[in-house]
Amino acid sequence: MDTVLPAATRAAIAAAPGSTVPEGMNILQALSEEVRSLPQVTIGKLACFARGAGNEFFMYLDMRFEAIGKSAQGQPESLMGSSPEAAAR
């Protein structure tokens with residue numbers, strides 16, 4: 001299975017070169033606020049393994065669909081007893 005985590009993190013940084021992140025937020029928190037405040041419905045399809053930041057990005061969307069038998073989600077921070085990074089405010 002593919003892993004979404006590195007791609008999501010790179011995409012978040014590349015999507016806004018030179019932009020400023022609001023004080024008190026990291027880049028993924030800023031991205032989540034932008035996605036959640038869009039005026040249209042956001043829809044995502046998952047056909048791989050999403051964990052960490054990739055899973056968090058997937059959860060920002062209004063509607064989420066996963067391919068049966070081809071997808072999985074995980075939040076490794078939970079097993080370590082810490083908060084997921086983008087959710088930690």
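No experiment lies behind these values; they were computed from the predicted model shown.
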Practice prompt. Applying side chain to side chain contact (heavy atoms under 4.5 Å, CB included), run through M63 and V41 and close with a yes or a no.
Written response: CA-CA 8 Å; M63 297 176 69; V41 174; 4.1 Å; yes
Minimum heavy-atom separation for [X] to [Y], with atom names?
X   : Y   : answer
L46 : S71 : O-CB, 3.6 Å
N55 : Q73 : OD1-NE2, 2.5 Å
F65 : F58 : O-CZ, 3.6 Å
Y60 : R36 : O-CG, 3.9 Å
L61 : V35 : CD2-CG1, 4.0 Å

Open item on the list: Looking at E23, I want to see if its CD is surrounded by more than 12 non-hydrogen atoms of other residues, nucleotides or ligands under 6.0 Å.
Closed with: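 Counting other residues, nucleotides and ligands, CD of E23 stays at 12 neighbours or fewer.
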